[in-house]
Amino acid sequence: MAERTTARTTDAARPPEFEQGSELVTPVVAWYRTAARDLPWRRPDATPWAVMVSEFMLQQTPVVRVLPVYEAWLDRWPTPAALAAEPAGEAVRAWGRLGYPRRAQRLHAAASAIEEDFDGVVPDTYEDLASLPGVGEYTAGAIASFAYKKRHIVLDTNVRRVLARAVSGVEYPAPSTTPADRRIATALLPEQPADAAEWAAASMELGAVVCTARTPRCDECPVASLCTWVAAGKPAYDGPPRRGQTYEGTDRQARGRLLAVLRDTHGSVPREELEAAWTRDVAQRERALSSLLADGLVVVLDGERFALAQ
DNA sequence: GATGCGTGGAT
DNA sequence: TATCCAAGCAT
């Protein structure tokens, strides 16, 4: 660090990340213009609501699995008002097997908040967006950028991996967004909002299809020659174990099995039918059911029948 | 800041 | 087969 402040004579005020990273923007955007996938939420006719729906669905779920559910969702609920007019349980049912059904619940709650507080219009500022249920730092920036072409850093796992490799020279980013990530992304952000929005989409796309986690296609990368990680000889990740969480036999799996019964049944089911979905561990089943009730994903009707939220 | 929260395809 | 990973968020 100290070495940098003394070494830079001409433009010492500029953050070092700008020197290292600004050259990335032009080639990545140029590549994006020729290589971008044709995804429905990127088309000119995609509404801010459509962008918002896609962002919720894409949180932790791959594009190929989102596509059919996204299309059906927007056919049925083309506006926030349309979704808000139906019970939250219908959103959970339409969510299908995308996973993390609380996202469906939050998307429904966000639609209601848009209807209530924003006259049915998806807000266009980061602060208003971030006030909505299920909208955090990434999603607020993404909607502002993609739907409204605002100038904002957009840090998802793809972009953070691209920056980790190209700028920081390490194989993987930290498990979650760090202040250093924000500093680097801010330093690279183009001045013009339209350019910033395109860079956001382009850098995300690069991480999704070229600079992938497992087997990066560096031979197809437009900035391989500028990449710090490549220049360093692609050193392997050196740090604590990155994830390692099994799913089989967890409470999450039990919740998923219980909810699947209700998703596939219109109306309510008796307790016995729900219980049949998870018999390997009774205590675990009760824990799962209790948590689903506590989350409001499941409700009890007249005594001993269960249903998705009405 | 660490945890909990679904699901399924790829390796 | 087991593990990794996929446009995170809320608590």
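By convention in this document, chain letters (A, B, ...) are assigned in the order of the sequence lines, proteins followed by strands, and residues within each chain are numbered from 1.
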Between the protein and nucleotides 7-11 of chain B, are there any N/O to N/O pairs under 3.5 Å, and if so, what are the atom names and distances?
| unit_1 | atom_1 | unit_2 | atom_2 | d |
| --- | --- | --- | --- | --- |
| B/dT7 | OP2 | A/Y247 | OH | 3.2 |
| B/dT7 | O2 | A/R65 | NH1 | 2.8 |
| B/dT7 | O2 | A/R65 | NH2 | 3.4 |
| B/dG8 | OP1 | A/R97 | NE | 2.3 |
| B/dG8 | OP2 | A/R97 | NH2 | 3.1 |

Please list, pair by pair, any protein nitrogen or oxygen found under 3.5 Å from a nitrogen or oxygen in nucleotides 9-11 of chain C.
| unit_1 | atom_1 | unit_2 | atom_2 | d |
| --- | --- | --- | --- | --- |
| C/dC9 | OP1 | A/G136 | N | 2.9 |
| C/dC9 | OP1 | A/T139 | N | 3.0 |
| C/dC9 | OP1 | A/T139 | OG1 | 2.6 |
| C/dC9 | OP2 | A/Y138 | N | 3.4 |
| C/dA10 | OP1 | A/G134 | N | 2.7 |

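Nucleotide C/dA6 holds its P atom 10 Å from the CG atom of A/D156, rounded to whole Å. Rounded to whole Å, atom C1' of B/dG6 lies 13 Å from atom CD of A/E248. Taking atom CZ of A/F56 as the reference point, atom C1' of B/dG6 lies 17 Å away to the nearest angstrom. Atom CG of A/L67 is separated from atom C1' of C/dA6 by 13 Å (rounded to the nearest Å). Taking atom CG of residue A/L155 and atom P of nucleotide C/dA7, one finds them 14 Å apart after rounding to whole Å. Rounded to an integer number of Å, the gap from A/W95 CH2 to B/dC5 P is 18 Å. Residue A/L58 contributes atom CG, which lies 18 Å from atom P of B/dG6 at whole-angstrom precision. Taking atom CG of residue A/L107 and atom C1' of nucleotide C/dA7, one finds them 15 Å apart after rounding to whole Å.
Under the ring-ring contact (aromatic ring centres under 6.0 Å, His included) criterion, A/F306 pairs with no residue, sequence neighbours left out. Remark: A/E275 engages A/R271, A/R285 in a salt bridge (Lys or Arg N to Asp or Glu O under 4.0 Å) (not counting sequence neighbours). Scanning for side chain to side chain donor-acceptor pair (under 3.5 Å) contacts around A/S268 gives A/R305, with sequence neighbours left out. In this structure A/P179 satisfies the side-chain contact (heavy atoms from CB on, under 4.5 Å) test together with A/R182, sequence neighbours excluded. Take A/D128 and apply the salt bridge (Lys or Arg N to Asp or Glu O under 4.0 Å) test, not counting sequence neighbours, and it matches no residue.
Under the side chain to side chain donor-acceptor pair (under 3.5 Å) criterion, the residue pairs touching residues 188-198 of chain A are A/R33-A/E198, with sequence neighbours excluded. Listed by first and then second residue, the salt bridge (Lys or Arg N to Asp or Glu O under 4.0 Å) pairs involving residues 290-302 of chain A are A/R102-A/D295, A/R255-A/D295 (not counting sequence neighbours). For residues 256-277 of chain A, there are no ring-ring contact (aromatic ring centres under 6.0 Å, His included) pairs, not counting sequence neighbours. Among pairs with a residue in residues 33-58 of chain A, those fulfilling ring-ring contact (aromatic ring centres under 6.0 Å, His included) read A/W41-A/Y70, at least two apart in sequence or across chains.
A distance of about 23 Å separates the P atoms of B/dG8 and C/dC9, rounded to the whole Å. For C/dA7 and B/dG4, the P atoms lie 23 Å apart once the distance is rounded to whole Å.
Heavy atoms of A/Y172 sit under 4.0 angstrom from primed sugar atoms or phosphate atoms, though from no base atom. Residue A/A213 is in sugar-phosphate contact alone, with no base atom involved, counting any heavy-atom pair closer than 4.0 Å across all strands shown.
Applying a 4.0 Å cut-off to non-hydrogen atoms, the residues of residues 30-39 of chain A that approach DNA chain C are A/R37, A/L39, listed by residue number.
Look at A/K234 and A/E171 and you find no salt bridge, because none of the NZ, NE, NH1 or NH2 atoms lies under 4.0 Å from a carboxylate O.
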In sequence, state the C-alpha distance, the side-chain angles, and the governing distance for A/T61 and A/R103, and then conclude on side-chain hydrogen bond (donor to acceptor under 3.5 Å, both in side chains).
-> CA-CA 11 Å; A/T61 302; A/R103 290 181 295 163; 2.9 Å; yes

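When the shell of 6.0 Å around CG of A/D75 is examined, it contains more than 12 heavy atoms from other residues, nucleotides or ligands.
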